[in-house]
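Each chain gets a letter, A, B and so on, in the order the sequences are listed, and its residues count up from 1.
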Number of protein chains: 2
Amino acid sequence: MASGIEDVARRAGVSKSTASRALSGGGYVSEETRSRVRRAAYEIGYAPSTSAVSLATGRTQNVGVVMPYLNRWFFAEVLEGIQTALLERGLDLTLYDAEPGTDGRRRIFDDFLARKRFDGLIAVGLEPDDHEVERLVAMGRPVVSVVGAGSETSSVAIDDEHAARRATEHLLELGHRRIAFVGGEPDHHWAQVDRSRLRGFHTAMEDAGCADEAIHIRSEVTIPGGYAAAVDALGDSRDRPTAILGTCDEVAIGAIIAARRLGVQVPSQLSVVGIDDHEFAEMFSLTTLRQVPREQGAAAVELLLDHIADPDRPPEQTSLKARMVMRSSTAPPPTHMTAAAADMRRE
Amino acid sequence: MASGIEDVARRAGVSKSTASRALSGGGYVSEETRSRVRRAAYEIGYAPSTSAVSLATGRTQNVGVVMPYLNRWFFAEVLEGIQTALLERGLDLTLYDAEPGTDGRRRIFDDFLARKRFDGLIAVGLEPDDHEVERLVAMGRPVVSVVGAGSETSSVAIDDEHAARRATEHLLELGHRRIAFVGGEPDHHWAQVDRSRLRGFHTAMEDAGCADEAIHIRSEVTIPGGYAAAVDALGDSRDRPTAILGTCDEVAIGAIIAARRLGVQVPSQLSVVGIDDHEFAEMFSLTTLRQVPREQGAAAVELLLDHIADPDRPPEQTSLKARMVMRSSTAPPPTHMTAAAADMRRE
DNA sequence: TTGAAAGCGTTACCAC
DNA sequence: GTGGTAACGCTTTCAA
């Protein structure tokens, strides 16, 4: 049962080397020999030992993936995209769940990466600190990031600032002025993504001349987080915003759930926009800026493979533009309508 | 930079063999030598090549995990539990996303498993068909399942039938009779889990003598699925159920969202119970039967390691009882209250 | 307690 | 085209 290439060779009546060549491509082998070897391999159910192959070739046929969370939409989707792309190419995927601040994360960087179990690494939304970057470099394997900040490695991501700006502009065009950006962890270190999106929000507000109407509400970046933040923010009907931009759909959806709970009508009394096009967006009729994390994962695999094939290839940043998906969570603000109605009466 | 054990040995002034022994446990090494070797290893940042270790020892220090979905709460949580447990033991995790019916799944079973890249495999909610079971066996490595049906492999799971029965009894005790079980994919092959839970539901209904009040509504097992199914089911206020049991929290939560949309009050007009204790359960005040998938993942690792250590160990099924978590999504049915009120008036 | 040498299962270089 | 043989980097007898 423990059939090695030697067994295949014997069965096909050739030498180990010929068998190897016949099976894994390599040099010249006559067509006849090749098919004979193939059949022999098939018959005894031969599968090469990956450890032996790795040792001999220096290639592990395996890609590492590090991400801080597995249970959030974006990350799970990226992971599936990566997995699918790798599977197609016959590559394995070794997963590391590196939640910030955990002991596990420390071990991943200090112990696991050094083992060089993989030919390259994909880092998803990692935001490594200096020490971690150092370990990543010391690893001596190509790294590609999805949602990565730096320019030292190749990366794939949407233009976050642009997406937030577009979303804000949409709200402004509808007549909203008092707009709240919800997102940016209350205590934790902020994600780069949230910073960029907040920046885009502020830029748009400033350009529209209503920087002082801009509100920023901190919120854990999850559906319950957005819910909790919105419950607080919508409590006082006096000075509540007429529109909310969630740093991502999860937060926006949490806000919609909160609004419904509080009896605040969406979109007539409150407009909500998100960024993502989360799997629940449709269900909540959420207008959002769409990104497709699966494709980003697939693109990252592509890039990584290029870097593995040519280690000297310079890093390259891919920046995608998110497209707006109009649904029905936005409308002109109630005050706007009232003003318009007043104008009409006046005429 | 490419520091091998030979470099460590040279630096510590010992032979390769001694260095190996000092580092990876093995036989006798004097304390002094050991610490000298350790220091040398540390200084040059030595990490053993996993391929070489695997080849020499026959152990890959790697565990495979196969699951049909990554983006569902239960699966993501189990995965995190597994990852954490493996990390603590210095083991790597190779992930296979085997969505039913995909080409990727076929390749995983036909090509990837045969490579024996891991010492053992954890199958989460896999429900392999005959061919797949055959491949699993042919792999010749221990397999442990989380939510597994068979008794050929060790497994960890909650008692699904019991959980559904308890949930149904809770509803019955409150006075509900017209109860709907929501779950069981409309088109797909049904998950064993859903079958067992439906069975538990029916048993409880029969025992209570109201089998003919039992309703079964098919639904995709996701939040949007539960939402869609509930929108249909709650449309006609005439013969709608007074209570819903979701096959899992996701479905139950979808139903709550639908009820709110339709203006059906939960719990006064509709009671809802789930099974899981999903991360959103709190936010929706969902009464549910709690399971902790993370712990199941950790337990699976434990079991698998036992099987790897002793391949002859007989399989062992662990069945957990889910505990009820009372929140406020359930109450006596409106008709019940009316009846009670009528009784009071009559007196 | 230590060192030399023989594997582990492949690939890859070199003769033939 | 094909067959020896030396790596690949580590563990593990077996002697010393």
Side-chain angles (χ1 to χ4, degrees), chain A residues 1-38 40-41 44-62 90 92 111 114-119 139-141, chain B residues 1-38 40-41 44-62 90 92 114-119 140-141:
Chain A
M1 205 62 229
S3 41
I5 200 170
E6 188 125 34
D7 302 290
V8 176
R10 190 162 27 234
R11 193 168 231 272
V14 295
S15 70
K16 261 171 50 174
S17 6
T18 304
S20 172
R21 248 172 289 146
L23 260 17
S24 33
Y28 301 98
V29 184
S30 76
E31 258 322 310
E32 198 234 311
T33 315
R34 166 160 284 141
S35 65
R36 193 145 38 87
V37 173
R38 284 237 186 88
I44 63 176
Y46 166 77
S49 143
T50 44
S51 334
V53 175
S54 302
L55 194 53
T57 63
R59 284 254 178 287
T60 63
Q61 307 286 38
N62 186 78
D92 274 313
D111 307 344
R115 296 194 197 163
K116 304 174 202 266
R117 225 183 206 295
F118 30 77
D119 300 327
M139 182 183 72
R141 293 271 183 281
Chain B
M1 203 62 230
S3 41
I5 200 171
E6 187 126 34
D7 302 287
V8 176
R10 190 165 25 236
R11 191 169 232 273
V14 296
S15 70
K16 259 171 54 174
S17 6
T18 305
S20 172
R21 249 171 286 147
L23 259 17
S24 32
Y28 299 98
V29 183
S30 75
E31 256 326 307
E32 197 234 313
T33 318
R34 164 159 285 140
S35 65
R36 192 144 38 85
V37 173
R38 284 237 186 86
I44 63 176
Y46 166 78
S49 143
T50 43
S51 330
V53 175
S54 302
L55 194 53
T57 63
R59 284 253 179 287
T60 62
Q61 308 285 39
N62 185 77
D92 274 311
R115 296 195 197 161
K116 304 174 203 265
R117 230 183 203 294
F118 31 76
D119 301 327
R141 294 270 183 281

Could you please name the option among C:dT10, C:dT1, C:dA12 that lies closest to any side-chain atom of A:Ser17?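 Closest of the options to the side chain of A:Ser17: C:dA12.
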Using the side-chain heavy atoms of B:Ser20, tell me which of these nucleotides is nearest: D:dT2, D:dT11, C:dT11.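 So the side chain of B:Ser20 is nearest to D:dT11.
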Using only modelled atom types and a 3.5 angstrom limit, is any donor from either the side chain of A:Arg21 or the base of D:dG3 paired with an acceptor on the other?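 It does, because a donor-acceptor pair links the side chain of A:Arg21 to the base of D:dG3 below 3.5 Å.
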A:Ser15 (side chain) and D:dG4 (base): donor-acceptor pair under 3.5 Å: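 Result: no qualifying N/O pair found.
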Indicate, with a heavy-atom threshold strictly under 4.0 Å, whether B:Thr33 touches base, sugar-phosphate, or nothing.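 Sugar-phosphate contact only.
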A:Lys16 NZ to C:dT11 P, straight-line distance once rounded to whole Å: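 The distance from NZ of A:Lys16 to P of C:dT11 comes to 10 Å, rounded to the nearest Å.
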Who passes salt bridge (Lys or Arg N to Asp or Glu O under 4.0 Å) against A:Arg38, sequence neighbours left out?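 Per chain and number, A:Arg38 pairs via salt bridge (Lys or Arg N to Asp or Glu O under 4.0 Å) with no residue.
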Charged N to carboxylate O below 4.0 Å: is that the case for A:Asp119 and A:Arg141?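 Salt bridge: no.
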Taking NZ, NE, NH1 and NH2 as the nitrogens, is one of them in A:Glu32 or A:Arg36 under 4.0 Å from a carboxylate oxygen of the other?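 A:Arg36 and A:Glu32: salt-bridged.
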Side chain to side chain contact (heavy atoms under 4.5 Å, CB included) with A:Ala56: which residues, sequence neighbours excluded?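 Scan of A:Ala56 (side chain to side chain contact (heavy atoms under 4.5 Å, CB included), adjacent residues dropped) gives none.
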Give the angle between the helix axes at the two ends of the helix from C:dT1-D:dA16 to C:dC16-D:dG1, taking five base pairs at each end and rounding to 10°.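 That helix has its two terminal axes inclined by roughly 40°.
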Under 4.0 Å from OP1 or OP2 of C:dT10: is there any side-chain N or O of A:Tyr46 that close?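 Result: yes.
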Under a 3.5 Å distance rule, please check whether A:Lys16 uses its side chain to pair with a backbone N or O of A:Ala9 as donor and acceptor.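 No, because the side chain of A:Lys16 does not come within donor-acceptor range (under 3.5 Å) of the backbone of A:Ala9.
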